[in-house]
Structure formats: C-alpha cells, structure tokens
2 protein chains.
Amino acid sequence: MPTNKPTVKKKPQVTASPERRRELLDTAAEVFAAQGYNATTVRKIADAAGMLAGSLYYHFDSKESMLDEILSAFLTELWDGYDTVLAAGLGPRETIEALVTESFREIDRHRAAVAIYQKESRTLSAQPRFHYLSDSQQKFEKAWLGTLERGVEAKVFRSDLDIRLTYRFVRDTVWVAASWYRPGGQHSPEEIARQYLSMVLDGIALRPT
Amino acid sequence: MPTNKPTVKKKPQVTASPERRRELLDTAAEVFAAQGYNATTVRKIADAAGMLAGSLYYHFDSKESMLDEILSAFLTELWDGYDTVLAAGLGPRETIEALVTESFREIDRHRAAVAIYQKESRTLSAQPRFHYLSDSQQKFEKAWLGTLERGVEAKVFRSDLDIRLTYRFVRDTVWVAASWYRPGGQHSPEEIARQYLSMVLDGIALRPT
DNA sequence: TAACCTACCAAACACTTGTTAGGGAAGCTT
DNA sequence: AAGCTTCCCTAACAAGTGTTTGGTAGGTTA
C-alpha cells in the first residue's frame with residue numbers, strides 16, 4: 001500500500017452511474033472470492049472488467065472501498081432478511097428453520113460476498129473501517145445463540161450439549177456451504193436448507209423405529 | 001515476485017539444522033494462519049522470528065517453500081492417522097467416529113497448518129507444485145464418502161439424504177472448527193469430537209421419548 | 001593459531017503494488 | 001458549433017515485494 005496520503009479524503013466520483021458501479025463491484029467480488037482479497041491486484045479486477053487499472057479509480061477511490069461496498073451491501077441485505085424472520089415471533093425451532101433457509105437464500109444471491117466474508121472477516125474486523133463486521137457478528141451470535149437457548153428452555157433442543165459449541169456448529173455448517181455452492185446446481189437453496197436442517201436437527205444416523 | 005531466474009534450481013541450505021527449521025516453520029505457520037499467505041510478507045515472518053528478512057533464506061529457498069513444507073508435513077501426519085483408522089476394519093459408524101476424533105486431534109496439533117490449508121488450498125491446488133493438495137482431497141473424499149455409503153447400505157445411516165451433501169456437511173463441520181479452536185481451551189479435542197459426533201449423528205433436536 | 005562452519009546481518013536488486021495526473025473520444029445539451 | 005459530461009486510457013509515482021550477494025561474529029575443529 002504505497003502513497004500514504006494524509007487523510008485528505010477525496011470525494012468519490014459523484015458523476016459515475018450506479019449501474020456501472022454495481023456491475024464492476026460484481027466482477028470485483030468474483031475475483032476477490034476466487035483469489036482472495038490480498039492476492040487480487042487492481043489490475044486483475046480491471047482485466048476481468050475489460051479495462052485498465054487506473055480506470056477503476058473513476059468509479060471508486062480505492063481497492064479497499066470496493067471491498068467495503070461489497071461487504072456492507074451484503075450485510076445490509078442479510079439483516080433485512082434476518083430481522084424479518086426474528087420479528088415474526090416464531091417458536092425456537094421454526095426460527096432456526098427460517099434463519100437457515102434465509103441464509104441459504106443469501107448464499108445463493110451473494111455467493112461471492114459470502115465467500116469473501118468468510119475468508120477475510122477475521123483479519124478485516126481489526127481495521128476500524130471494517131468494525132461493522134464485528135458488530136454484525138455480535139448481533140448474529142445474539143440472534144442464533146438466543147434462539148438456541150430459548151429452544152433448550154422450551155425443551156425442543158437438547159440440553160446436554162455445550163450451547164456455544166452448538167452455536168458454532170450450526171453457524172459454520174450453514175456458511176461454509178458458500179465455499180462449494182454454485183447457483184444453478186441440482187439443488188435449490190431451499191432444498192439444501194431442508195436437507196441441512198434435517199441433518200442438524202435429527203442427525204444422519206438411522207434411528208430404530 | 002521479482003527476479004525471475006531461469007530455472008537454475010539452487011540447492012537449499014544443507015548445512016542448516018533441522019530443529020531451527022522446524023522452529024521457524026512453526027512461527028511462519030502462525031503468521032500465515034493469522035494474516036493469510038499472500039498478506040504475509042517475509043519481513044513479517046522474520047520479525048516474528050526475531051531476525052531479518054534475508055536471513056530466512058539461509059534456511060529456506062523461498063517463501064513458497066515454507067508454505068509447501070508446512071502443508072506437506074501436516075498432510076503426511078494426517079494420513080498417517082487416517083490410514084491407521086481405515087485399516088482397522090471398523091464398521092461404518094465406528095469408522096466415522098474414529099475419523100472425526102482423529103481429525104480433531106490433528107486440529108489440536110496442527111491448528112495453524114489446518115487454518116492455512118482451509119484458506120488457501122483451493123487456489124494453491126491449481127499450481128503444479130501444490131498438486132498433492134488435490135490428490136489428498138480426492139483420497140479424503142473417497143475415504144469419507146465411501147464410509148458413508150457403506151453406512152447407508154448397512155442401514156446405520158439415513159438413506160433419504162443426498163450423500164454428497166452429507167459428505168460435505170460432515171467434512172466441513174469438522175474442519176471449520178480450526179478457525180475458532182484454540183488449544184488449551186475448556187474442551188479437549190476428544191470432548192469436542194464427542195459432542196460434534198453426537199450432533200451429527202443424532203441431531204440437536206430433543207426427541208420425544 | 002589457523003581454518004572452517006553455522007547462523008545471522010546489511011544493503012541492495014528487479015519487479016509489483018495501489019494510486020494519481022492529464023488527456024481525449026464519444027455523446028448530449030445549449 | 002461550442003461547451004459539458006461521462007468514461008476510459010496513457011504514463012508515471014513512491015512504497016513495498018521476494019530474493020541475492022557479500023560480509024562477519026562466534027563457536028568448533030585441526
């Protein structure tokens with residue numbers, strides 16, 4: 001990261017069209033997801049977009065800004081869906097089911113962003129600019145863990161498990177899917193959610209009838 | 001990557017002591033795991049090791065070699081354990097249990113290497129040098145998926161699930177643990193394995209007795 | 001004491017990185 | 001026709017990158 005400018009916050013390109021920005025952000029997200037943020041040079045992004053490196057700076061004021069915009073756009077949409085689910089006043093089991101299903105829908109729509117989030121969020125959240133990642137993660141934990149706890153109290157979830165372990169288990173099983181999921185595969189997001197929920201809730205072992 | 005030399009394959013430092021190499025590789029693995037391979041500069045590794053960047057080249061002939069050695073050492077040990085389990089001739093359920101337990105032990109011992117593997121293996125396996133990662137992954141899939149299929153035939157695992165989905169489910173739940181696991185935590189690897197297996201096999205929902 | 005080996009340092013190298021400044025072609029507005 | 005706006009290119013910059021070369025302090029061996 002050269003040219004460390006003294007906080008002169010240049011105003012971004014107000015003239016650039018939002019559709020083009022979206023387009024470029026989508027290809028950038030794709031490259032970030034495939035190669036990793038740090039391994040991705042702005043020249044690679046420009047290549048994928050059919051332009052030269054410097055031209056990107058007409059639309060964005062830094063590589064970091066692109067990443068920022070990709071992640072925050074994703075999180076905004078994600079919480080839009082989550083908040084709707086959480087406000088519905090469902091029971092614990094139904095809440096978990098709805099959250100998982102919603103998550104797979106988000107993976108379907110924001111595969112690249114989710115993959116980036118998964119790979120980079122831990123290192124990024126140390127940076128002040130990306131502190132909202134930590135905030136989101138806390139909110140996330142509160143929602144999921146809270147629902148699990150409610151479920152244990154209501155005797156719909158097992159009480160003999162470490163609840164935090166259970167939380168990480170459920171959370172991870174859902175979100176790692178972004179690493180292999182490809183839209184247009186043989187299973188719809190809803191079908192994947194159904195099977196995942198079946199495994200998480202009832203296990204993969206065959207029970208004697 | 002500057003100084004593109006014409007394939008003059010310099011012989012590595014035969015004089016360097018193996019213990020010191022191990023020591024340096026351990027600190028390198030720690031930095032790689034924390035920051036990501038590409039984001040890690042050789043100067044950061046040298047810093048963590050208390051020496052200067054150039055001095056690393058007395059022990060290793062490139063940054064890539066360090067990564068290579070870290071990953072291949074881990075995989076060697078991993079397959080040592082796996083092969084023992086697979087050769088034991090256990091039933092499907094017992095094999096899965098043993099594989100999961102063994103995996104958590106490996107995570108305990110090679111936390112950094114596992115984390116690196118998780119983050120970088122997909123991009124690395126394209127490079128010829130790291131093609132053994134793909135080989136390992138195939139062997140991995142064969143072992144796990146095969147066991148699951150045997151289990152379905154033997155009626156110890158459910159047959160109403162997409163078997164490949166199940167495979168990825170089990171695989172991922174185990175290995176993502178490396179991203180949050182810290183040795184010396186409140187649960188031993190064996191205890192984590194026990195609870196994970198309980199969740200994967202029987203689910204988290206409370207069943208009516 | 002002399003020669004040698006081990007493990008490091010100091011300083012540079014060639015190249016890549018994110019970013020910027022100035023320019024210009026096409027299209028729209030006046 | 002003149003001016004303006006949008007979107008890109010050309011060409012460079014300064015800092016950071018992995019790596020090499022030559023040197024050297026301290027221990028071991030002869």
Side-chain angles (χ1 to χ4, degrees), chain A residues 1-28 31-32 35-70 120 124 127 129, chain B residues 1-28 31-32 35-70 120 124 127 129:
Chain A
M1 327 97 236
T3 50
N4 220 359
K5 45 172 45 190
T7 348
V8 191
K9 216 48 181 207
K10 158 178 93 165
K11 65 176 68 165
Q13 291 62 16
V14 272
T15 56
S17 95
E19 303 98 45
R20 187 68 177 128
R21 282 176 71 88
R22 250 300 124 217
E23 224 175 288
L24 292 173
L25 282 177
D26 283 348
T27 75
V31 187
F32 284 153
Q35 326 236 358
Y37 174 70
N38 284 286
T40 301
T41 73
V42 295
R43 277 165 246 265
K44 280 186 198 163
I45 301 175
D47 264 18
M51 60 200 301
L52 290 184
S55 308
L56 285 173
Y57 289 79
Y58 172 72
H59 299 275
F60 311 98
D61 47 62
S62 73
K63 180 187 171 190
E64 210 181 65
S65 296
M66 298 189 218
L67 179 63
D68 194 350
E69 220 167 307
I70 290 168
E120 322 281 353
L124 286 176
Q127 251 173 295
R129 174 170 196 171
Chain B
M1 317 111 232
T3 49
N4 222 358
K5 45 174 43 192
T7 349
V8 192
K9 212 56 179 199
K10 159 178 91 166
K11 65 175 69 168
Q13 291 62 16
V14 271
T15 55
S17 93
E19 304 98 45
R20 187 66 175 131
R21 281 176 72 88
R22 249 300 125 216
E23 224 175 287
L24 291 173
L25 282 177
D26 283 348
T27 75
V31 187
F32 283 152
Q35 325 235 359
Y37 174 70
N38 284 285
T40 301
T41 72
V42 295
R43 277 164 246 266
K44 281 186 199 162
I45 301 174
D47 264 18
M51 61 202 299
L52 289 184
S55 308
L56 286 171
Y57 288 79
Y58 172 72
H59 299 275
F60 311 98
D61 48 60
S62 73
K63 180 186 170 189
E64 209 181 64
S65 295
M66 298 188 219
L67 178 64
D68 193 349
E69 221 166 307
I70 291 168
E120 322 282 352
L124 286 177
Q127 252 173 295
R129 174 170 195 171

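The sequence lines fix the lettering, A, B, ..., with proteins before strands; numbering per chain opens at 1.
Distance A:Glu64 CD to C:dT19 C1': 13 Å, rounded to the nearest Å. As rounded to whole Å, 15 Å separates atom C1' of D:dT6 from atom CD of A:Glu23.
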Provide a list of protein-nucleic acid N or O atom pairs under 3.5 angstrom, restricted to nucleotides 8-12 of chain C.
{"unit_1": "C:dC8", "atom_1": "OP1", "unit_2": "B:Arg20", "atom_2": "NE", "d": "3.3"}
{"unit_1": "C:dC8", "atom_1": "OP1", "unit_2": "B:Arg20", "atom_2": "NH2", "d": "3.1"}
{"unit_1": "C:dC8", "atom_1": "OP2", "unit_2": "B:His59", "atom_2": "NE2", "d": "2.7"}
{"unit_1": "C:dC9", "atom_1": "OP2", "unit_2": "B:Leu52", "atom_2": "N", "d": "2.7"}
{"unit_1": "C:dC9", "atom_1": "OP2", "unit_2": "B:Ser55", "atom_2": "OG", "d": "2.8"}

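To the nearest 0.5 Å, the span separating CD1 on B:Ile45 from CD on B:Gln35 amounts to 9.5 Å. Atom-to-atom distance recorded for B:His59:NE2 and B:Glu69:CD is 12.0 Å, nearest 0.5 angstrom.
Checked against salt bridge (Lys or Arg N to Asp or Glu O under 4.0 Å), B:Asp47 has no partners two or more places apart in sequence or in another chain. Contacts of B:Glu120 classified as side chain to side chain donor-acceptor pair (under 3.5 Å), with partners at least two apart in sequence or in another chain: none. Every residue two or more places apart in sequence or in another chain that forms a side chain to side chain donor-acceptor pair (under 3.5 Å) with B:Arg20 is listed here: B:Glu23. Residues that satisfy the side-chain contact (heavy atoms from CB on, under 4.5 Å) test with A:Thr27, not counting sequence neighbours, are A:Ala49. With sequence neighbours excluded, the residues forming a side chain to side chain donor-acceptor pair (under 3.5 Å) with A:Ser65 are A:Asp61, A:Ser62, A:Arg129, listed by chain and number.
Taking a 4.0 Å limit (strictly below) on heavy-atom distances, residues 35-42 of chain B reaches DNA chain D at B:Thr40, B:Thr41, B:Val42.
For A:Tyr57, a side-chain nitrogen or oxygen approaches OP1 or OP2 of C:dT19 to under 4.0 Å. Not one side-chain nitrogen or oxygen of B:Ser62 sits closer than 4.0 Å to the OP1 or OP2 atom of D:dG18.
Counting heavy atoms from C-beta on, the side chains of B:Met66 and B:Tyr37 never come closer than 4.5 Å.
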